[in-house]
Amino acid sequence: MTWQNRHEGRPSSSRGASNVIEGPGGLESTTSTEEKEDSATSSVKEEEEEGLILPNMEEIKELSEEIEQILPSDFDFEFEEEIESQPYLDASFKEELEEKMKSSKYMKMLSSRKRLPAYKQRQEIIDLVNSNQIIVLSGETGCGKTTQVPQFILDDYIEKGKGSLCNVVCTQPRRISAISVAERVADERGEKQLEQSSVGYSIRLENRLPRKNGSILFCTTGIILRRLESDQKLKSVSHIIIDEVHERDLLCDFLMVVVKDLVALRPDLRVIVMSATLNAEKFSQYFNNCPHINIPGFTFPVKQHFLEDVIQLTKYRPDPEPTQRHKSKRYPKWKKYMMEEEEQEEWNMKAWARNLPTDQYSPNTISALTQIDTKKINLDLVMELLRHIVNKMEDGAVLVFVPGWKEISDLNKLLLEDSRINSRDLRIVPLHSLMPTVNQRDIFERPPAGIRKIVIATNIAETSITIDDIVYVIDCGFVKVKDFNPEKGLQTLESFPVSRANAQQRKGRAGRVQAGHCFHLFTSLQYAEMKEYIAPEILRTRLEELCLMIKILKLGKIESFVNKALDVPSAEAVKAAIVNLQNLQALDDNEELLPLGYHLARLPLDPHTGKMILFSAMFGCLDPICLIAACLNFKSPFFTPLGKEAQADRCRKALAGDSPSDHIMLLKAFKKWEIASRNGNGRKFCYDNFMSENVCKMLMKMKKQFAELLYNIGFVNSLDPRNKVANIHSDNENLITAVICAGLYPNIAKVHRVAKPNRSTVSVILQNGTKGYLHKGSVNANETYFPSKWLIYHKVMKTMAVNVYDCSVVSPYPLLFFGGKISFSLTNVKGRDRECVEIDGWIPFWTERATYDLVKDLRKQLDKILEDRIVSPRAVDLTVSSKEQVIINAIVDLISKEEVTHHDFRDDDQWDSNEVDY
DNA sequence: GAGCACTGC
């Protein structure tokens with residue numbers, strides 16, 4: 001894929017205000033690992049495009065086969081095998097290494113490696129590893145710890161003539177880093193060829209494995225945890241390096257508990273825990289005060305400027321009446337602490353400002369500091385600073401860290417409209433995981449002379465995306481943090497002040513290739529007093545999947561395992577997860593795995609979407625449900641270019657047609673993409689419809705993986721997600737929605753108030769009574785008609801308000817057959833008793849007693865059949881009639897033929913009573 | 001009352 005054909009047929013408007021946002025969908029470049037796919041999917045075959053909902057097997061078989069070739073077909077790396085000394089290999093590895101020393105290329109590489117700080121402590125590190133089972137090794141980015149330490153260990157073994165005994169596994173938190181580090185190390189070792197290489201990587205759905213003995217494997221943390229299922233002692237591993245532990249992600253914290261216990265069972269296993277310098281002692285203490293070695297950093301010097309310096313530099317004066325257009329709210333968190341504590345803090349700040357040395361800070365600066373509100377993000381000040389950098393400071397790209405979409409959008413507007421900056425001289429790059437720019441190459445390109453690149457980014461630029469030519473970093477001082485409230489069962493996403501770790505990491509982004517500057521928009525006083533770290537993920541997230549992992553790896557009681565973690569989650573959070581799993585029939589009262597739980601624990605999905613795909617196999621709609629599951633768990637293929645939000649929404653609405661469902665909309669869009677791909681227009685289709693082709697391809701691979709896993713469990717007869725028997729109902733929208741309901745229940749929202757044309761969005765009530773809204777990105781967000789007021793959803797999150805992110809309208813039968821407990825009652829409505837079936841006591845349907853009895857009887861039989869099939873999985877041929885199948889077919893029939901009357905819900909009164917008849 | 005970031009045989 002070259003630069004030119006990324007622009008096929010589309011003129012690039014690199015003149016004028018060169019904001020990179022262009023065209024309907026923006027452009028997307030492919031990463032190196034994806035490149036081969038582009039040629040694979042561009043086969044051309046004449047085929048009529050139908051407005052069908054779901055994939056026609058014949059039509060896309062070809063594409064499927066092509067994708068299949070790309071997939072890793074097998075895992076021939078046998079973790080189960082214990083390492084055995086192989087003298088022949090020992091000798092050959094040693095010879096190979098000695099041979100390399102004669103190569104000028106290798107020696108040149110070696111001499112640059114020797115300049116890394118890590119290399120200077122090579123012997124010390126080797127000795128420490130050899131004489132201790134666990135060590136902590138800390139060092140900043142650029143010191144070479146990740147690339148060098150695994151090689152030190154392996155080469156030391158090889159030199160000592162025991163190379164075959166050394167298999168180093170180094171875990172990485174991100175897929176990208178596993179690949180890029182492996183490639184870098186292979187390069188350093190002069191092993192470009194992939195066969196029998198001493199270096200490899202393994203990430204989900206993609207691996208290049210190294211040779212079996214004498215190797216270094218870089219893998220994601222999730223991969224090693226999965227491998228533990230079949231090899232509890234990691235028998236084939238001699239050294240495990242857990243990298244980036246300071247990031248404290250969930251899987252990494254989990255792995256540390258496992259490894260801490262494992263060392264007792266594997267006295268020969270060596271563990272190296274690698275972290276940033278800050279707080280490294282905490283890890284050493286955790287591993288019983290194990291030795292700790294620190295490697296000093298190696299990046300270019302970055303001058304740190306705090307708020308007082310920025311004000312002095314820019315002569316910024318806080319506007320007593322900030323302009324309305326970008327006046328941002330004080331973040332909700334601060335509202336809670338608006339009392340004495342905060343007043344005290346502000347007073348401290350004023351006292352501190354008045355005591356600043358007057359030879360460095362002018363009276364105006366000091367006065368500004370006493371007026372400025374440091375509890376909210378200040379884009380006025382960011383603009384003042386940008387003007388200063390753009391107009392007065394030397395060339396070099398600028399990276400601005402802001403918390404989220406809104407600030408990226410606001411700052412982008414301010415920059416384009418500013419009278420004191422010539423926007424023609426700027427290349428503004430908004431960077432957010434949901435914007436198309438994350439896949440564009442432009443972000444890494446150096447702009448032409450005289451053009452200043454300004455990247456406005458979220459935390460994505462803190463670790464995931466590294467832009468080398470950044471010289472100036474502006475750290476706005478806030479970051480979005482996900483949290484979880486176990487009492488309300490609600491996930492939240494709010495802005496918080498950054499931690500010192502964030503600040504340091506952001507600063508480091510300015511010194512990658514040359515000396516730089518970092519401007520923090522908080523005072524040095526705040527810096528000195530700020531929290532070292534944001535709370536680790538394990539304290540801020542739902543724990544269902546963690547619990548299932550504990551059980552499948554047979555790590556004992558959930559609570560006692562969790563109590564061994566570096567930071568222990570609250571008892572409420574653990575309890576909430578266990579109760580949820582018990583309600584799902586995944587765990588029994590003793591917290592042991594039930595048959596369903598056993599299947600769910602083996603699927604790389606959250607328990608609800610896992611249940612969904614199990615049901616899809618039993619109800620003959622495997623392919624579409626696997627796609628929806630992949631999308632809900634991984635990411636949506638849709639992105640939104642900055643400034644084209646409404647256009648992207650309309651586009652998805654058009655793709656949905658008359659289906660009141662985000663999930664069905666996805667199927668329709670995907671189907672169209674597959675047809676376009678076959679005609680060689682996949683890329684254009686994605687571009688026109690605000691989709692990411694890379695994500696589509698990834699979803700396709702995941703879908704295939706799910707089918708393979710279901711095949712392994714025994715639920716389907718074929719490895720192909722599209723096999724006919726498992727897709728007999730795959731064009732049945734009603735049934736697909738019912739299976740979604742079976743998986744995602746009890747995530748039901750009730751439509752409370754429909755949208756007013758062109759004004760509001762739909763408001764909903766959740767089961768616990770919480771009021772929320774449909775997220776603007778949902779195809780139902782602006783709906784004025786609903787055929788049923790019940791919506792099934794996967795994700796709800798509280799930001800400024802409670803938002804439901806995806807949903808499908810669900811009719812009564814799926815709720816009755818796949819929902820919670822059903823009961824019959826007489827309800828008094830306006831003085832009249834009415835017969836009513838209720839699901840879990842909150843979803844009522846008016847009906848006669850006889851209907852209730854019939855449904856109840858069918859439901860009982862269905863539950864028995866499903867339970868039996870979960871206990872003894874087998875591929876079901878829905879075309880073959882059996883007594884069981886008659887029941888299932890009857891229910892499928894009822895669901896398929898159900899038509900719900902369209903109710904006009906514009907009459908608000910209707911919502912307050914339960915007058916909706918079915 | 002519109003979207004921090006990751007991840008899994």
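The figures that follow rest on heavy atoms only: side chains count, while hydrogens, waters and symmetry mates do not. Naming convention: chains lettered A, B, ... in sequence-line order (proteins, then strands); numbering from 1 in each chain.
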Q) Side chain of A:R174: nearest nucleotide among B:dC6, B:dC9, B:dA2? A) B:dC6
Q: State which of B:dG3, B:dC9, B:dC4 makes the closest approach to the side chain of A:T458.
A: B:dC4
**Q.** Distance below 4.0 Å between A:T799 side-chain N/O and B:dG3 OP1 or OP2
**A.** yes
Q | Pair A:E537 + A:R540, salt bridge at N-O below 4.0 Å | A | no
Q.
Does this structure show an ion pair linking A:D623 with A:K703, if we count only N-O contacts that are shorter than 4.0 Å?
A. yes
(Q) Let me spell it out: for each of A:L493 and A:M549, pick the nucleotide of DNA chain B with the closest heavy atom. Which residue's pick is nearer the 5' end? (A) A:L493
Q: Would you mind classifying the nucleic acid contact of A:N803 as base, sugar-phosphate or nothing, using non-hydrogen atoms under 4.0 angstrom?
A: sugar-phosphate
(Q) Just the rounded figure in Å: distance from P of B:dT7 to CZ of A:R227. (A) 17 Å
Could you pull out every donor-acceptor pair under 3.5 Å between side chains of residues 245-253 of chain A and any protein atom, sequence neighbours left out?
from	atom 1	to	atom 2	distance (Å)
A:H246	ND1	A:A276	N	2.9
A:E247	OE1	A:R174	NH1	2.9
A:E247	OE2	A:R174	NH2	3.1
A:R248	NE	A:D253	OD1	2.9
A:R248	NE	A:D253	OD2	3.3
A:R248	NH1	A:D567	OD2	3.0
A:R248	NH2	A:D253	OD2	2.7
A:R248	NH2	A:D567	OD2	2.9
A:D249	OD2	A:C252	N	3.4

Q.
What's A:E229 touching, base or sugar-phosphate or nothing? Going by heavy atoms closer than 4.0 Å.
A. nothing
**Q.** Contacts of type side-chain contact (heavy atoms from CB on, under 4.5 Å), residue A:I443, not counting sequence neighbours
**A.** A:V429, A:L431, A:I465
Q. Would you say B:dA5 has OP1 or OP2 under 4.0 Å from some side-chain N or O of A:S464?
A. no
Q.
From the set B:dT7, B:dA5, B:dC9, return the single nucleotide nearest to any side-chain atom of A:I460.
A. B:dA5
Q | From B:dG1, B:dC4, B:dT7, nucleotide with atom closest to A:A801 side chain | A | B:dG1
Q) Can A:K653 and A:D649 be counted as an ion pair, charged N to O under 4.0 angstrom? A) no
Q | Closest to side chain of A:M800, choosing from B:dG1, B:dG8, B:dC6 | A | B:dG1
(Q) How many whole angstroms separate atom CD1 of A:I465 from atom P of B:dA5? (A) 9 Å
(Q) Using whole Å, what does the distance between atom P of nucleotide B:dG3 and atom CE of A:M435 come to? (A) 12 Å
Q: Give the nucleotide from the list B:dA5, B:dA2, B:dG8 with an atom nearest to the side chain of A:D649.
A: B:dA2
(Q) Measure NZ/A:K701 against C1'/B:dG8 and give the value in whole Å, please. (A) 15 Å
**Q.** Phosphate-side-chain proximity, A:H432 and B:dG3, N/O vs OP1/OP2 below 4.0 Å
**A.** no
Q: Look at the side-chain N and O atoms of A:Y773 and state whether any lies under 4.0 Å from the OP1 or OP2 oxygen of B:dA2.
A: no
Q. What is the nucleic acid contact for A:S763, judged by heavy atoms within less than 4.0 Å: base, sugar-phosphate only, or nothing?
A. nothing
Q: On DNA chain B, check which nucleotide each of A:W405 and A:R175 is closest to and give me the residue with the more 5' one.
A: A:W405
Q: Using atom CZ of A:F401 as one end and atom C1' of B:dA5 as the other, report the distance to the nearest whole Å.
A: 12 Å
Q: Remember a base hit wins even if backbone is also touched, and classify A:E247 as base, sugar-phosphate or nothing at under 4.0 Å, heavy atoms.
A: nothing
